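Quick notes on the structure that follows.
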Amino acid sequence: LQYRMTSDIISTVEFNYSGELLATGDKGGRVVIFQREQESKNRPHSRGEYNVYSTFQSHEPEFDYLKSLEIEEKINKIRWLPQQNAAHSLLSTNDKTIKLWKISQRDKRAEGYNLKDEDGRLRDPFRITSLRVPVLLPMDRMVEASPRRIFANAHTYHINSISVNSDHETYLSADDLRVNLWHLEITDRSFNIVDIKPANMEELTEVITAAECHPHQCNVFVYSSSKGTIRLCDMRAAALCDRQSKFFEEPEDPSSRSFFSEIISSISDVKFSHSGRYMMTRDYLSVKVWDLNMENRPVETYQVHEYLRSKLCSLYENDCIFDKFECCWNGADSAIMTGSYNNFFRMFDRNTRRDVTLEASRENSKPRAILKARKVSTGGKRKKDEISVDSLDFNKKILHTAWHPKENVIAVAATNNLYIFQDKIN
């Protein structure tokens, strides 16, 4: 399936815990929620189709008068909360402000009031001679999104991550230099749990690039840095987690060192596996899987687009080298996915070690069509189906992807198009 977002570029994609809802945020501050259609007898193949369920403006552009800075409305991250009742809840954030939204639907209306007429006018109480019992009648579905909490004024720098904790009561938010811990019910204060800001900003050598809570242990979280390191912290050890419990870093190979080494080693995303045993990190050229029990090197490394290593100079000049690609696990932790350029995205099977490059584009994604694997040629003779490195379009990039938590359904954001692919059903 393919959806055209007319207004703007998609900046985040996230399935909810059941996979029945899919939320996207865009540069215009809007959140669009898609709902999966239930299979019907007269349309047996309709199962799996996602249709627009709700659209709302989450953030508006603001201006910080003290710093003379515009705060753009772009949604940096969306995270769903576990469903507690009929309504759904999600957190969305721009650079500065996190909001908790409640999405509820009404498909019944009450009729037969005693004190007012059907058109809503109040009746004269002295003329009421009989008692009516109001009845609930079906009506067209209305979906409402309402802001329940606004968590503001806690970040001096731009927020890059939010992550809901496994206790479902707290969540963390991270900016370039600090990580804060919030209670979902309390908006006027948060606890600063990591602060890497040096006393003298000229001594700043690294920034926080991503942070995430452990899926099962509510006291454990990780954050990654622009130096290619990951720190795992335990909130039971100290209130301020500046001294990490574990420090994950792969020693650099001196033979491959270049001017770009530091830039391409910066980690753009970190994600725990659903099991909580592993975590995955994405840097510019690769995806690495780490065992939480082994800090000195990753257990698996997958090359995403190694053919770009010779092109780093031009990628530096056009600023693409600073693109922040995300990565995601499938529900069983057996496969991983991440994006690349030319609207390509990569999938790696951890068991067979097989990988595939697929393309999300309007030309080749007619409904129910099977995606063909793509190959990139790196100099020499180009085979018929291969694409030359020099003809890749670096403006078409897939930074944001999401995998359904239980099924092989994936969502891929290609600039201002959202594509949803699923396993072929016979």
Side-chain angles (χ1 to χ4, degrees), residues 11-12 14 23 25-31 57-81 89-101 147-165 169-201 203-213 221-227 230-231 233 235 238-242 244 266-271 322 324 326 399-400:
S11 52
T12 183
E14 186 81 2
D26 68 19
K27 266 188 112 165
R30 276 173 305 276
V31 171
Q57 188 73 30
S58 171
H59 287 70
E60 303 276 0
E62 293 175 61
F63 193 80
D64 184 334
Y65 294 97
L66 292 174
K67 297 200 175 97
S68 293
L69 281 177
E70 280 185 45
I71 302 165
E72 63 173 348
E73 65 273 40
K74 179 184 140 210
I75 308 292
N76 290 343
K77 285 284 184 292
I78 290 172
R79 290 290 179 264
W80 290 91
L81 296 170
S89 300
L90 60 81
L91 291 166
S92 63
T93 185
N94 67 350
D95 283 342
K96 296 287 178 184
T97 305
I98 305 155
K99 296 185 182 182
L100 171 63
W101 289 89
R148 302 311 297 259
R149 310 255 189 291
I150 295 176
F151 306 89
N153 305 323
H155 284 279
T156 312
Y157 306 97
H158 292 177
I159 298 171
N160 56 46
S161 306
I162 48 176
S163 179
V164 180
N165 211 339
E169 283 189 352
T170 56
Y171 73 92
L172 61 80
S173 58
D175 66 22
D176 297 333
L177 297 178
R178 297 187 179 103
V179 180
N180 290 337
L181 183 72
W182 300 83
H183 193 285
L184 283 161
E185 300 288 330
I186 301 167
T187 58
D188 60 354
R189 66 179 180 274
S190 62
F191 293 98
N192 178 227
I193 51 175
V194 173
D195 186 347
I196 65 164
K197 186 183 177 190
N200 178 3
M201 282 296 271
E203 293 167 10
L204 183 70
T205 57
E206 63 180 330
V207 294
I208 297 167
T209 55
E212 193 179 50
C213 296
F221 68 96
V222 292
Y223 67 94
S224 58
S225 94
S226 55
K227 277 191 161 177
I230 311 102
R231 291 170 173 85
C233 303
M235 287 184 269
L240 191 63
C241 301
D242 286 355
Q244 71 277 351
S266 175
I267 292 171
S268 54
D269 196 17
V270 58
K271 292 268 170 61
F322 302 107
K324 292 176 169 49
E326 294 172 9
L399 303 175
H400 314 287

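Worth saying up front: this structure is predicted, and the values here are computed from it rather than measured.
- Looking only at distances, no side-chain donor or acceptor of D242 sits under 3.5 Å from a matching main-chain atom of Q244.
- Annotation: side chain of N192 is in contact with side chain of L240 (closest heavy-atom distance under 4.5 Å).
- Contact check on E185 versus R149 returns a salt bridge, with a Lys/Arg side-chain nitrogen under 4.0 Å from an Asp/Glu carboxylate oxygen.
- When side chains are defined from C-beta on, T93 counts as touching K77, because their heavy atoms get closer than 4.5 Å.
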* Start with the C-alpha gap between C241 and M235, add the side-chain angles, then the distance that decides, and say whether side chain to side chain contact (heavy atoms under 4.5 Å, CB included) holds. => CA-CA 7 Å; C241 301; M235 287 184 269; 4.0 Å; yes
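- Distance check: T97 OG1 to E73 CD gives 12.5 Å after rounding to the nearest 0.5 Å.
- Side-chain contact between D195 and R178 is present, with heavy atoms from C-beta onward closer than 4.5 Å.
- Judged by distance alone, the side chain of H400 and the main-chain N or O of S11 form a donor-acceptor pair under 3.5 Å.
- In this structure the side chain of V31 reaches within 4.5 angstrom of the side chain of I78, judged on heavy atoms.
- Between F151 and the options I186, D188, N180, L100, a side chain to side chain contact (heavy atoms under 4.5 Å, CB included) holds for only L100.
- In this model, no donor atom of one side chain and acceptor atom of the other lie less than 3.5 Å apart for E206 and S226.
- Tested against D95, the residues I159, D175, N76 include a single side chain to side chain contact (heavy atoms under 4.5 Å, CB included) partner, N76.
- Between L184 and Y171 there is a side-chain heavy-atom pair separated by less than 4.5 Å.
- Side-chain N or O atoms of K27 include none that pairs as donor or acceptor with a backbone N or O of E72 at under 3.5 Å.
- At least one side-chain heavy atom of L177 sits under 4.5 Å from a side-chain heavy atom of M201.
- To the nearest 0.5 Å, atom OG1 of residue T156 and atom CG of residue D176 are 10.5 Å apart.
- Nearest heavy-atom pair, L90 versus A23, reported as atom, atom and distance to 0.1 Å: CD2-CB, 4.4 Å.
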* To do: Could you go through the side chain to side chain contact (heavy atoms under 4.5 Å, CB included) check for I150 and T187 one step at a time?
  => CA-CA 6 Å; I150 295 176; T187 58; 5.8 Å; no
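- For Y65, the OH atom counts as loosely surrounded, since its 6.0 Å shell holds 12 or fewer non-hydrogen atoms of other residues, nucleotides or ligands.
- The local environment of CZ in F191 is sparse, with at most 12 non-hydrogen atoms from other residues, nucleotides or ligands closer than 6.0 Å.
- The structure places NZ of K99 at 8.0 Å from CD1 of I75, a figure rounded to the nearest 0.5 Å.
- One finds the OH atom of Y223 at 11.5 Å from the CD1 atom of I230 (value rounded to the nearest 0.5 Å).
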* To do: Walk me through it: do K197 and E203 pass the test salt bridge (Lys or Arg N to Asp or Glu O under 4.0 Å)?
  => CA-CA 9 Å; K197 186 183 177 190; E203 293 167 10; over 6 Å; no
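- No donor-acceptor pair closer than 3.5 Å links the side chain of D269 to the backbone N or O of K324.
- Atom CG of L69 is separated from atom CG of D64 by 6.0 Å, given to the nearest 0.5 angstrom.
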* Carefully, step by step, assess S92 and H59 under the rule side chain to side chain contact (heavy atoms under 4.5 Å, CB included). => CA-CA 9 Å; S92 63; H59 287 70; 3.5 Å; yes
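- A salt bridge links R79 with E14: the closest approach of a Lys/Arg side-chain nitrogen to an acidic carboxylate oxygen falls below 4.0 angstrom.
- Using a distance-only test at 3.5 Å, with no hydrogens or angles considered, a donor-acceptor pair links the side chain of S161 to the main chain of A211.
- Judged by distance alone, the side chain of T209 and the main-chain N or O of I267 form a donor-acceptor pair under 3.5 Å.
- E60 has no carboxylate O lying under 4.0 Å from a charged side-chain N of R30, or vice versa, which leaves the two without a salt bridge.
- By the 4.5 Å heavy-atom criterion applied to side chains, I162 and L172 are not counted as neighbours.
- Defined by atom type and a distance below 3.5 Å, a donor-acceptor pair is present between the side-chain atoms of W101 and S58.
- Of the inter-residue distances, the one linking K96 atom NZ with N153 atom CG reads 10.0 Å to the nearest 0.5 angstrom.
- With 3.5 Å as the limit, one finds a donor-acceptor pair spanning the side chains of W182 and S173.
- Inter-residue side-chain proximity for F221 and I193 is flagged as met; some heavy-atom pair is nearer than 4.5 Å.
- At most 12 heavy atoms of other shown residues, nucleotides or ligands fall within 6.0 angstrom of atom CD in E70.
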